[in-house]
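I have placed the structure first, in the form of structure tokens, so that the comments after it can refer back to it.
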Amino acid sequence: MKYNFKTDNYKNFKTYSVNQLVPRSYFIPFGTPEKLFESDFASERYSSDRVCCLSGEWEFSYYPDCTALQREIDTADISFDRITVPSVWQFTGYEKPYYLNTRYQFKPDPPNFPVDCPAGVYRKTFELDSADGYIYTLSLLGVAGAYDVFLNGSFVGYNEGSHNTAEFELNAFLKDGENELVIVNYKWSNGTYLECQDMFRNNGIFRDVLLIKTAENSIYDFENDIKYIAENRYSFKVKPALKLSDSCVLTAFLYDDGNCVASVSADVGQGVITPLDFGELEVNEWSAESPYLYDLVLMLSKEGEVCECIRRFVGFKHIEIKGNVFYFNNKPIKLLGVNHHDTDEKKGYAMSPEDIKRDVEICKNYNVNCIRTSHYPPDPLMLDFCDVYGIYVVDEADIETHGCFSELKKPGACSHNPEWEEHYLDRVLKMFERDKNHPSVTMWSLGNESWGYKNQDSCYAALKKLTDVPIQYEGVCRTRRWAYDVISQMYPWQGRIKKLAEGHGLAKKYYDKPYFMCEYAHAMGVGAGELETYVSAFLSADNMLGGCIWEFADHAVLHSDGSYTYGGDHGEEKHDGNFCVDGLFFPDRTPHSGAKQMKNCYRPIRASLSGSTLTFRNINYFTNALANAECRILDFEGKEIYRKDIPLDIAPQESVSAVLDFDFSSSEYDCLVINYTQDGSELAGECFGFDKKHKPEVKAGESEYKITADESGITLLVNGSELRLGASVYRAPLDNDRHPDKLWEKLKLGGEH
């Protein structure tokens, strides 16, 4: 079939979205309630009778130079390979992997870029009856970077924004029988300037592609309007957006564990769409500790026949900032979090539902209660899993312009340039519209490391009109704007954190709003360092909201021989070495020592010891701490000399005490080790070391020795042998020492000096 691929959209700065449908929330439609209730949230996009998932085998042709694409081209003349979608070029052999942290793959000059960049042409055929009366929508959940969509020889639309959903209506281009879908995916575009994130830079269709069919009367979108009234009491309205050709009835059902607890209906027609008002409800609230969910089912009917039905989770929550304290359901919660990238050792950005579920389960098992989606919106399934398992989410827009600072030396080249404003708004508002109904979304983030504030100000103002959920952006702390709804900073020294928690010692602006560390405790090498100091500070003061460790998992490329490669191992022109190996977990999700450290520091129970009395405190705000505390006292050889199991059932933010019947006056003992378990699974642990006076006496030998000292050093003379002693303040550098070790070398602090 013949096409004109020369749209030039990818290199037209004013073009970032063409013929796209109005952004909306993510949901999957069904034709009947029976089909809907047969599925679950993780499988519904694959099992719905109204959705055809086009993921799987596609035809693909790679062009090293996109200018080689002729203006008039016939797909019959293209030599296609066969690949699997979702996937990325760099993990399927079409390009070598390329890792960068703060720079672009080309010399930056926004909005200009190498227009002779590579491109990939994807082709997929599908059969349908175009006279079946359905409206067909193509939904692409993630394609890196820019792309044109074609169908049956015609141009359909264009998108930039790799991690945002883009949707296109296809009916004007469909035909009976076989239809040919073609996607021309450009490696770079003007939008690449907003995607300078610390990660392997991948390209391709890396998330599912959905073909959605809806009847002439259908549910286009909805928004949950939930307002807090009093404890466990909320008002609840559903604000729908419908596509109607007839008068219909829209009914909303609210289910609690399979039982319908409320319903409301309204007559709807063209131009007459009434919000569905449940009134005032008494409910169980949602939190990460107690992720209580209801099912909302929306059913559109005409003359008693169901046209369409959808199901989404509903969680009742209330977020409010009072002074400098962040309240969630009226409690000053702590975000004990990690930063999470979409990364797989074999597939790059492409993550399956099973991969996403695994990562969320790992977070829960390691006492993590918060994920920042660094640095872009994730697959909507991740938010579903966070809703279900209980994770507070900082949902981040797909915006980072790091290279404008690190390479161009013009940090505000995009963020302070009003010509980029609409590009920023497009990405932020698409994120909001897709994810607005998720109870797990606890903060919105305007992006990462993009400096400036002018375009972020526009995004903040637009978002505040739409949501009560607080908004953060770290980069603004280096401008006169300082903060949006919370103060957000990266990697502050522990001394600053202590002063913040103590409430004095810093400028007044540090105490005006809740304090949040969107990144801290860099987990590279044997990181995450002295994590306990940070967490103790979080827990000690209400203004301390918490933070997210950088980062969840190492980025790497696994090869068939079992070896891994990192930045610089693939012939990259410029790269950042193994700085991608900075996670709490190895690429295959085996825990580093840092993950185990985090698990203990983020523990929900904390003990203190006074004499022989142990006091256990539950740091949760909404749920009892139910656990068994296995308390063991060890001698200096690690031998257990005392044990006591203490069952715990502690109310939120309360403490209980227990006495250890151990004779502390007569025994030689080294430490008290406490292991917490819940239902037989390890929850966390902690350890108390005792005073050294209990340590057995060690006597030195009867050697003759003499010590002398002068400007050249110290001399130890033992039994006639001379030993020269030198002071060294050096140790072997770790990965996290990649910057300070240059200073150590300059100061000649190495052991040989």
Side-chain angles (χ1 to χ4, degrees), residues 97-103 196-201 336-345 348 359 362-363 366-368 370-375 396 400 402-403 405-406 448-449 474 489-494 496-497 517-535 546-558 563-570 572 574-602 730-745 749:
Y98 203 117
Y99 168 66
L100 276 173
N101 176 11
T102 67
R103 295 173 288 170
C196 188
Q197 290 111 337
D198 177 9
M199 58 189 181
F200 278 92
R201 308 293 171 84
L336 305 178
V338 297
N339 284 273
H340 182 278
H341 262 295
D342 290 348
T343 178
D344 182 88
E345 60 184 10
D359 283 2
I362 288 172
C363 287
Y366 279 76
N367 297 324
V368 170
C370 175
I371 288 175
R372 177 181 175 225
T373 66
S374 53
H375 298 292
E396 189 149 275
E400 180 171 344
H402 210 138
F405 171 79
S406 63
N448 184 63
E449 294 179 315
E474 183 271 343
Q489 290 192 305
M490 294 182 180
Y491 308 108
W493 297 109
Q494 293 166 339
R496 181 188 301 173
I497 293 302
M517 293 189 294
C518 62
E519 293 179 22
Y520 82 109
H522 197 268
M524 196 169 190
V526 296
E530 182 42 43
L531 185 59
E532 176 65 11
T533 300
Y534 287 107
V535 179
C548 296
I549 296 169
W550 187 265
E551 65 172 310
F552 177 73
D554 294 336
H555 306 233
V557 184
L558 178 64
S563 65
Y564 283 105
T565 52
Y566 315 102
D569 293 336
H570 320 101
E572 296 101 318
K574 49 184 177 179
H575 62 85
D576 287 292
N578 67 325
F579 201 65
C580 54
V581 187
D582 56 4
L584 294 157
F585 296 86
F586 288 101
D588 66 356
R589 278 39 175 189
T590 300
H592 288 195
S593 57
K596 299 176 182 180
Q597 174 197 19
M598 174 189 70
K599 184 173 186 175
N600 283 342
C601 291
Y602 283 1
Y730 184 84
R731 59 164 169 73
L734 310 172
D735 275 357
N736 254 343
D737 298 324
R738 59 193 296 138
H739 298 301
D741 70 356
K742 295 180 176 63
L743 179 61
W744 299 348
E745 183 177 343
L749 296 180

Problem - Validation row: D198, F579 side chains within 4.5 angstrom (heavy atoms) - result: yes
Exercise for the section: Not counting sequence neighbours, which residues clear salt bridge (charged side-chain N to carboxylate O under 4.0 Å, His left out) with D741? List them please. Expected result: none
Problem - Interatomic spacing from CG in N367 to OH in Y602 - rounded to 0.5 Å - result: 10.0 Å
Fill in the blank from the handout: Distance col, row Y98:OH vs E572:CD, nearest 0.5 angstrom, shows 6.5 Å
Exercise for the section: May I ask you to decide if the ring planes of F405 and H402 are parallel, tilted or perpendicular, using 30° and 60° as cut-offs? Expected result: tilted
Exercise for the section: Any chance you could measure L558, atom CG, to S563, atom OG, to the nearest 0.5 Å? Expected result: 7.5 Å
Practice task
Measure the shortest side-chain to side-chain distance between I497 and M517 over non-hydrogen atoms and say whether it is less than 4.5 angstrom.
Solution key: yes
Exercise for the section: For E474, check salt bridge (charged side-chain N to carboxylate O under 4.0 Å, His left out) against everything at least two apart and list the hits. Expected result: R478
Problem - Qualifying residues under side chain to side chain contact (heavy atoms under 4.5 Å, CB included), relative to T565, sequence neighbours excluded - result: V557, H559, D569, H570
Problem - Residue pair C363 / I371, side-chain heavy-atom distance below 4.5 Å - result: yes
Problem - For E551, all residues meeting side-chain hydrogen bond (donor to acceptor under 3.5 Å, both in side chains), sequence neighbours excluded - result: H555
Handout entry: Distance-minimising heavy-atom pair for G403 and C196
Key = N-SG, 3.4 Å
Problem - Residues in side-chain hydrogen bond (donor to acceptor under 3.5 Å, both in side chains) contact with Y534, at least two apart in sequence or another chain - result: none
Problem - Modelled atom types, side-chain donor and acceptor of E519 and Y491, under 3.5 Å - result: yes
Exercise for the section: Sequence neighbours left out, what passes side chain to side chain contact (heavy atoms under 4.5 Å, CB included) with A595? Give chain and number order. Expected result: Y366, L584, F585, P591
Handout entry: Spatial distance of atom CD (E449) from atom CD (E400) [nearest 0.5 Å]
Key = 5.0 Å
Exercise for the section: Show your reasoning for whether ring-ring contact (aromatic ring centres under 6.0 Å, His included) applies to H340 and W550. Expected result: CA-CA 8 Å; H340 182 278; W550 187 265; over 10 Å; no
Practice task
Would you mind reporting whether N578 and Y564 have side-chain heavy atoms less than 4.5 Å apart?
Solution key: no
Practice task
Return the set of residues passing side chain to side chain contact (heavy atoms under 4.5 Å, CB included) with N736 (not counting sequence neighbours), or none when no residue passes.
Solution key: H522, M524
Exercise for the section: Please list, chain by chain and in numerical order, all residues satisfying salt bridge (charged side-chain N to carboxylate O under 4.0 Å, His left out) with K574, sequence neighbours excluded. Expected result: E407
Practice task
Ignoring hydrogens and angles, tell me if any N or O in the side chain of N339 forms a donor-acceptor pair with the backbone of I549 under 3.5 Å.
Solution key: yes
Problem - From C580 atom SG to D554 atom CG, the distance as rounded to the nearest 0.5 Å - result: 7.5 Å
Problem - Residue pairs, two or more places apart or on separate chains, that pass salt bridge (Lys or Arg N to Asp or Glu O under 4.0 Å) and touch residues 582-593 - result: D359-R589
Practice task
Go through the structure and list residues passing salt bridge (charged side-chain N to carboxylate O under 4.0 Å, His left out) with E396, not counting sequence neighbours.
Solution key: R372
Exercise for the section: For the residue pair N448 and M490, establish whether any side-chain heavy-atom pair is separated by less than 4.5 Å. Expected result: yes
Fill in the blank from the handout: Here the gap from T343 atom OG1 to F552 atom CZ, rounded to the nearest 0.5 Å, amounts to 10.5 Å
Handout entry: Donor-acceptor under 3.5 Å (Q197 side chain, H375 main chain)
Key = yes
Practice task
Please examine the side chains of D735 and V526, heavy atoms only from C-beta on, and report whether any two atoms are closer than 4.5 Å.
Solution key: no
Exercise for the section: Not counting sequence neighbours, which residues clear ring pair (Phe, Tyr, Trp, His ring centres under 6.0 Å) with H592? List them please. Expected result: F586
Practice task
Only counting residues at least two apart or in another chain, list the ones meeting side-chain hydrogen bond (donor to acceptor under 3.5 Å, both in side chains) with E532.
Solution key: S536, R606
